[in-house]
2 protein chains.
Amino acid sequence: MARKSGSVGSETAENIRQAALGLFAREGYAATSMRQIADAVGVQPGALYNHFATKQDLLREVMAGHMQQLIAAWEEESRKFSDPFAGLEGFVRFHIRYHLGRSDAVFVSYMELRNLEPENFRQIEGMRKYYEGCLRKIVAEGVKGGQFSVADVPVAAMALIAMLTGVTAWYRTGGRLSVDEIENIYAKMALRSLGAA
Amino acid sequence: MARKSGSVGSETAENIRQAALGLFAREGYAATSMRQIADAVGVQPGALYNHFATKQDLLREVMAGHMQQLIAAWEEESRKFSDPFAGLEGFVRFHIRYHLGRSDAVFVSYMELRNLEPENFRQIEGMRKYYEGCLRKIVAEGVKGGQFSVADVPVAAMALIAMLTGVTAWYRTGGRLSVDEIENIYAKMALRSLGAA
DNA sequence: GTCTATACTCGGATAGAC
DNA sequence: GTCTATCCGAGTATAGAC
């Protein structure tokens, strides 16, 4: 479940990805050294280059892998919903649940966009926009069908995504609220904000 | 308006702050070098240390200055509003307008929290929480007075702040919508999300 | 207060033995 | 594929002249 179909399966490569993801999330890409990553994996720094040509490639792979999995997971999940009302609630719940389960990848994919070289940025940004478009489509259909009422569909979609993704900034495992309760709160706020509840 | 009251006024110091702010926003703190900052200001790298003891001090000052000004601006603005309904709409409009006018400072203050050394982090995080508390108080009062209905006041406040701050991620000067139109959209969504419209 | 020059450390990446 | 060893550029910060 962890890698895009064409690439080779190497346990060390996957360990490197995991270590890099954790360090990028905690320290930031620019502040993380290849030596730190090697230490975390338990290999010598030079060994990393048997699996990734550059540090930038490592970042790109980590981010692209996350976006691919996110999109694939939503494409799967979205088939459960037919009307915009259920679709929106489904999206909210999916987004929160999925993101809370992978806070490192989410955080890195958001914070490290500016550390991507131009070509890599376009690739990742395209995936991010595609995902955003999934929500925008739901909102647009709801507006067309009269279930929702918003002044501006693209802005509403961006506002909602920002609100939902914000959960990752404060959620802590074992906190006051369960994921399910959090989903409920956000689902209600999201639907209301579109004039649908 | 730019500096805390006790400190000395030096044009070069202010130029350094401005250059650092721009570079931290564009490249990130860790990816920005003192040499770059010096280049941008038009002085030699060593000269920076006549004004700031370390790079970390520069970050702390930039972030603390922004938070201080943000809080002071809201304390001033908030006196205009008496009831929770007007207060919430006022907060939304203020937050968006203020943030869109200082996107660099906002971006840095959000993204570079993890690059603050522990003591500096506590200082800045305290100010951020104080500001968040301003919104939470408005929501709480509205719930108490029956103007709003939310399942969880702290979560609602955090969700709203995330939604509002998200504007900075997509807004571009001269875009399709004016700041005023954007304020209108978000104000309506925010009020609705609390069951108040 | 700024300059030139530099100390010292650490960064990404590579070479070649095993 | 991993190791040891290293190249070389760039990083923060300092010293001392002006």
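Naming: A, B, ... by sequence-line order, numbering from 1 per chain. Just so we're clear, the structure is a prediction, and the values are computed from it rather than from any experiment.
Regarding B:Leu59, its CG atom lies at a distance of 13 Å from the P atom of D:dT12, rounded to whole Å. If you take CD of A:Gln56 and P of C:dG11, they are 18 Å apart, rounded to a whole angstrom. As rounded to whole Å, 12 Å separates atom P of C:dG12 from atom CG of A:Asp39. Rounded to an integer number of Å, the gap from A:Phe52 CZ to C:dG12 C1' is 16 Å. Straight-line distance from the NZ atom of A:Lys55 to the C1' atom of C:dG11: 8 Å, rounded to whole Å. Rounded to an integer number of Å, the gap from CG of A:Leu48 to C1' of C:dA13 is 11 Å.
A:Glu141 meets the side chain to side chain contact (heavy atoms under 4.5 Å, CB included) test with A:Pro84; sequence neighbours excluded. Under the rule for a side chain to side chain contact (heavy atoms under 4.5 Å, CB included), the partners of B:Asp180 that lie at least two apart in sequence or sit in another chain are B:Ser178, B:Glu183, B:Asn184. Applying the side chain to side chain contact (heavy atoms under 4.5 Å, CB included) rule to A:Ala151 yields the partners B:Ile185; only residues at least two apart in sequence or on another chain are considered. Looking at residues two or more places apart in sequence or on another chain, you find a side chain to side chain contact (heavy atoms under 4.5 Å, CB included) between B:Asn15 and B:Glu11, B:Val41. Residues passing the salt bridge (Lys or Arg N to Asp or Glu O under 4.0 Å) test with B:Arg176 are A:Asp152, sequence neighbours excluded. Scored by the salt bridge (Lys or Arg N to Asp or Glu O under 4.0 Å) test, A:Asp83 finds no partners at all (sequence neighbours excluded). Here B:His99 pairs with B:His95 under the ring-ring contact (aromatic ring centres under 6.0 Å, His included) rule; sequence neighbours left out.
A close approach under 4.0 Å does occur between a side-chain nitrogen or oxygen of B:Thr12 and OP1 or OP2 of C:dT2. Here A:Gln44 reaches the OP1 or OP2 of D:dT4: one of its side-chain N or O atoms lies under 4.0 Å away.
Taking the charged nitrogens against the carboxylate oxygens, B:Lys129 and B:Glu132 have no contact shorter than 4.0 Å, which rules out a salt bridge. The pair B:Lys55-B:Glu112 fails the salt-bridge criterion, with no side-chain N (NZ, NE, NH1 or NH2) lying under 4.0 Å from an Asp/Glu carboxylate O.
Where the helix from C:dG1-D:dC18 to C:dC18-D:dG1 starts and where it ends, the local axes point in directions that differ by 0°; five pairs per end, rounded to 10°.
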Using the 3.5 Å cut-off, write out each protein N or O paired with an N or O of nucleotides 14-18 of chain D and the distance between them.
none

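Legend: salt bridge (Lys or Arg N to Asp or Glu O under 4.0 Å) pairs involving residues 42-53 of chain B, not counting sequence neighbours: none detected. For residues 26-69 of chain B, the set of pairs meeting the ring pair (Phe, Tyr, Trp, His ring centres under 6.0 Å) definition, not counting sequence neighbours, comprises B:Phe24-B:Tyr29.
Within residues 27-36 of chain A, the residues having any heavy atom closer than 4.0 Å to DNA chain C are, in order of number, A:Thr32, A:Ser33, A:Met34, A:Arg35.
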